[in-house]
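Data first, discussion second: the structure below is written as structure tokens.
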Amino acid sequence: MKHHNLLLLTLVLVSLIASGCGGKQTATVAPPASTEKPATEETITLRYFMWDPEFSEKEQQMVDKFMAANPNIKVELEAVATPDYWTKLQAMSAAGNLPCVFSMSSGYVDQWISDGLLADIQSYVDRDIKPDDYFTGVFDVVRDKKSGHMHAFPFAFVETVLFYNQDAFDQAGVPYPTDGWTWDDFLSAAKKLTVDKDGDGTPEQYGFWFYGRYAHIESWVYQNDGRLLNKDKTRFDPDDNAVAALKFLNSLINEYGVAPKPKEMEGIRQQDVFPMGMSAMWVDGAWNINNVREVAGDKFHWAIAPIPRGPQATGDTAYGWPDSLAISANCAHPDEAWEFIKFITGPARTIDLTFGGKVPIYKPVALSDEFLERDKQPPNKDFLLSWADHTGPTSFTPGWGEWRGYADGAGLEGKLNSVFNGEEDLNTALSEAKEHANSVLERYYP
Amino acid sequence: MKYSKTTPYFFILPMATGLLVFRLGPIIVAALASFTKWNIRTAPQFIGIGNYTEAINSEIFWLVVKNTIEYMVIFVPGVMLLALLLALLVNQKLRGIAFFRGIYFLPYITAMVAVAMVWNWIFATRFGILNFALTHYFHISNPPAWLADQRWALPALTIVAIWKESGFQMMVFLAGLQGIPTSLYEAAAIDGADKKQQFFKITFPLLSPVTFFVFINTLVIAFKTFDITYTMTGGGPNYASTTLVFYIYQNAFIYDRMGYATANAVLLLLIVGAITMFSFKMKERWVNYAL
């Protein structure tokens with residue numbers, strides 16, 4: 001009796017542990033019953049993991065089209081929203097169970113390449129991709145920095161732009177921003193657009209709004225031909241042009257008062273300041289077009305324009321980067337995975353599958369009339385297409401989130417906010433940021 | 001009644017299994033992982049005590065420890081005082097007292113995300129109700145930007161945390177208060193003890209086991225604070241409101257540094273363990289179990 005109990009006890013314990021550990025190994029290779037045709041080719045299964053559940057239904061339609069055209073390939077789509085997407089993907093990677101195809105962001109791609117987790121797709125690209133059909137300017141972001149080979153394929157890209165409130169410009173009698181607008185033009189416009197309606201000393205409408213956020217800062221640095229990182233992007237080392245851009249931005253707040261201190265806007269979502277009419281201009285990613293449409297509604301007219309050029313600019317340098325699809329390095333069917341990627345990044349990815357201000361990577365789709373969404377604001381969405389030709393560098397590196405600071409109020413973003421809030425001077429903040437950033441980068445590039 | 005010697009083990013089996021598999025297991029794995037460099041995606045590399053030396057030499061780590069202690073020093077007495085005060089208030093026999101008990105308990109069961117939204121609005125620099133009151137009724141011309149100010153972010157979080165937690169600990173105190181026999185108060189009143197004497201000679205000593213429970217409980221909660229930081233400040237500005245558990249989360253899941261994060265977790269375990277042990281040692285001096 002005693003032995004019996006002890007046995008049972010152990011059994012229960014073991015089964016509990018086993019069920020805790022082994023939950024993953026279900027449903028991987030079972031071929032679908034429906035494709036029981038005379039199988040000359042074996043049916044294979046690709047798992048495809050994407051980060052936008054909002055679009056998963058439409059994505060599924062595209063996947064269905066692909067499967068109809070390729071009956072021997074079965075694609076299993078799964079969508080998980082970020083940031084859980086990344087947690088889950090990391091866990092899958094740790095378990096050696098990465099899906100064959102998955103969405104990859106520009107912020108993480110370097111890290112994933114250097115971890116050896118993404119397949120080299122350069123030979124496929126060379127074989128199948130006609131460069132004229134794609135916005136190849138953003139391809140550099142997904143290249144291995146050593147070999148120059150692409151390890152992911154972009155499906156869409158984003159850029160930062162200057163949003164401006166046309167009604168506010170009209171009221172202030174300021175001409176709209178144009179190509180080749182300089183910082184002086186911008187500053188004089190911003191002064192006129194800063195309006196204290198009730199005379200209490202606090203403007204209800206500022207000329208401009210920004211803080212230490214990457215999209216707000218790097219846009220200006222690149223338009224002054226500046227760099228935050230050294231040439232091989234292994235150390236944080238802002239050059240003179242970059243520092244000049246930061247000084248200019250700081251002067252907008254602490255010298256001219258045409259933009260609020262970041263802390264003044266605490267309690268309002270940063271992306272709502274412009275659409276709520278509290279600033280007449282704003283620089284951020286074009287993906288905010290959706291939010292501006294929703295929040296501003298038809299309260300005022302607005303449009304998009306190039307980032308104003310700094311005194312050192314030799315031409316336009318846009319800050320943009322792609323969203324991509326990658327093949328995992330241990331995918332058993334890389335050829336089929338590439339066929340799939342080629343399919344869903346090409347003509348099949350229609351405008352309704354692309355969020356707000358994101359531009360499809362395939363030119364014939366991007367240049368189509370539907371992309372312009374003529375019934376919606378901004379009236380000049382085609383600007384995104386011409387701006388794409390100027391796409392320049394990014395500051396993404398391994399450890400980017402940590403040294404740059406993203407949604408945590410720390411890193412370079414936090415230090416710049418201290419400067420803009422008038423709590424610290426720029427030089428001190430930059431040398432502190434440099435020390436911190438390089439201690440992070442040294443871990444990846446000893 | 002006859003039963004086999006092993007029978008009791010069946011009764012503790014669910015609990016014991018849970019503890020072994022979901023507590024002790026992860027603790028051992030974490031302790032091992034703390035000696036590695038590990039980004040989760042790829043295999044961990046053994047680096048000896050590298051993570052520990054890094055933590056000890058890191059300014060940010062010590063800032064985070066300081067923040068955790070500051071938070072704890074305000075949070076624990078804050079919750080205990082407010083909860084006791086509320087418990088004494090709602091321990092009166094009044095009509096509709098259950099309604100008040102419910103109201104004070106409400107913050108505890110409200111979802112943190114909702115709480116964060118409301119308090120973010122209260123603390124908002126320019127359009128927040130708090131700064132509106134400060135400027136209009138107290139004529140303070142330049143009120144702080146609470147959550148965006150390095151000096152105020154952590155105290156602001158602590159206030160919200162106290163507000164949210166006190167309702168629950170109030171119920172614990174209330175249960176303790178109602179366990180004290182009324183005959184003691186009657187006897188004291190006959191002997192001429194006033195309300196103050198009754199509180200310090202009867203209520204406080206007899207409540208001490210409950211007070212001790214609340215103390216340990218809030219202490220552990222203080223160390224574990226996470227969701228309020230996550231939803232309200234994200235740890236900023238410049239780590240000013242980052243506390244240990246949040247820092248561990250950041251390193252593990254945002255900065256991809258599972259090894260370093262687990263080293264911090266082990267340090268946290270040692271600190272919490274030491275403080276809890278010290279508290280249990282101290283309790284013999286003031287906690288009164290016998291009636």
Next item on the list: Answer yes or no: does atom OH of Tyr444(A) have more than 12 heavy-atom neighbours from other residues, nucleotides or ligands under 6.0 Å?
Entry: yes
Margin query: Counting heavy-atom pairs closer than 4.5 Å to chain A, which one of Gly236(B), Ala148(B), Ala124(B) comes out on top?
Written below: Ala148(B)
Next item on the list: Might you confirm whether atom CH2 of Trp163(B) has over 12 heavy atoms from other residues, nucleotides or ligands at distances under 6.0 Å?
Entry: yes
Notebook entry, point to check: Do other residues, nucleotides or ligands put more than 12 heavy atoms under 6.0 Å from Ile49(B) CD1?
Noted result: no
Check: Do Gln90(A) and Asp256(B) have side chains that get closer than 4.5 Å, going by heavy atoms?
Finding: yes
Check: Which residue out of Gly409(A), Pro262(A), Gly267(A) racks up the most heavy-atom pairs below 4.5 Å with chain B?
Finding: Gly409(A)
Item checked: Side-chain heavy atoms of Gln150(B) within contact of Ser418(A), under 4.5 Å -> yes
Next item on the list: With rounding to the nearest 0.5 Å, note down the distance linking OG1 in Thr87(A) to CD1 in Ile40(B).
Entry: 8.0 Å
Item checked: chain B contact via Lys261(A) - side chain, backbone, both or neither, heavy atoms under 4.5 Å -> neither
Checklist line | Leu89(A), part contacting chain B, at a heavy-atom distance under 4.5 Å | finding: neither
Under 3.5 Å, side-chain donor or acceptor atoms of residues 246-253 of chain B against the rest of the protein: list the pairs with distances, not counting sequence neighbours.
{"from": "Tyr247(B)", "atom 1": "OH", "to": "Tyr260(B)", "atom 2": "OH", "distance (Å)": "3.4"}
{"from": "Gln250(B)", "atom 1": "NE2", "to": "Tyr255(B)", "atom 2": "OH", "distance (Å)": "3.4"}
{"from": "Asn251(B)", "atom 1": "ND2", "to": "Tyr247(B)", "atom 2": "O", "distance (Å)": "3.2"}

Checklist line | Contacting region of Ile60(B) [heavy-atom separation from chain A under 4.5 Å] | finding: side chain
Notebook entry, point to check: Looking at Thr242(B), Thr233(B), Asn39(B), Thr229(B), which has the largest count of heavy-atom pairs under 4.5 Å with chain A?
Noted result: Asn39(B)
Checklist line | Sidechain-backbone polar pair: Thr42(B) side chain, Asp115(A) backbone, donor-acceptor under 3.5 Å | finding: no
Next item on the list: Can you tell which part of Glu413(A) gets under 4.5 Å to a heavy atom of chain B, answering side chain, backbone, both or neither?
Entry: neither
Margin query: Glu54(B) vs Arg443(A), test: side chain to side chain contact (heavy atoms under 4.5 Å, CB included). Steps then yes/no.
Written below: CA-CA 12 Å; Glu54(B) 185 187 336; Arg443(A) 290 204 304 264; 4.0 Å; yes
Margin query: Can you tell me if Leu19(B) has over 12 outside heavy atoms packed within less than 6.0 Å of its CG?
Written below: yes
Margin query: Between Ser241(B), Ala240(B), Ala145(B), Gly235(B), who has the most heavy-atom pairs with chain A when the cutoff is under 4.5 Å?
Written below: Ala145(B)
Under 3.5 Å, which donor-acceptor pairs do the side chains of residues 135-142 of chain B form with other protein atoms, sequence neighbours left out?
{"from": "Thr135(B)", "atom 1": "OG1", "to": "Asn131(B)", "atom 2": "O", "distance (Å)": "2.7"}
{"from": "Thr135(B)", "atom 1": "OG1", "to": "Phe132(B)", "atom 2": "O", "distance (Å)": "3.1"}
{"from": "His136(B)", "atom 1": "ND1", "to": "Phe132(B)", "atom 2": "O", "distance (Å)": "3.1"}

Margin query: Other residues, nucleotides and ligands only: do more than 12 of their heavy atoms fall within 6.0 Å of CD on Glu435(A)?
Written below: no
Notebook entry, point to check: Of the backbone (N, CA, C, O) and the side chain (C-beta and beyond), which part of Thr202(A) lies under 4.5 Å from a heavy atom of chain B, both, or neither?
Noted result: side chain
Note to self: Can you confirm whether more than 12 heavy atoms, excluding those of Phe226(B), are under 6.0 Å from its CZ atom?
What the structure shows: yes
Check: Is there side-chain contact between Trp146(B) and Glu266(A), with heavy atoms separated by less than 4.5 Å?
Finding: no
Margin query: For chain B, which candidate among Glu264(A), Glu423(A), Met265(A) shows the most heavy-atom pairs at distances under 4.5 Å?
Written below: Glu264(A)
Item checked: Separation between CG of Asn417(A) and CG of Asn238(B), rounded to the nearest 0.5 Å -> 7.5 Å
Check: Within a reach of under 6.0 Å around NZ of Lys224(B), are more than 12 heavy atoms found that belong to other residues, nucleotides or ligands?
Finding: no
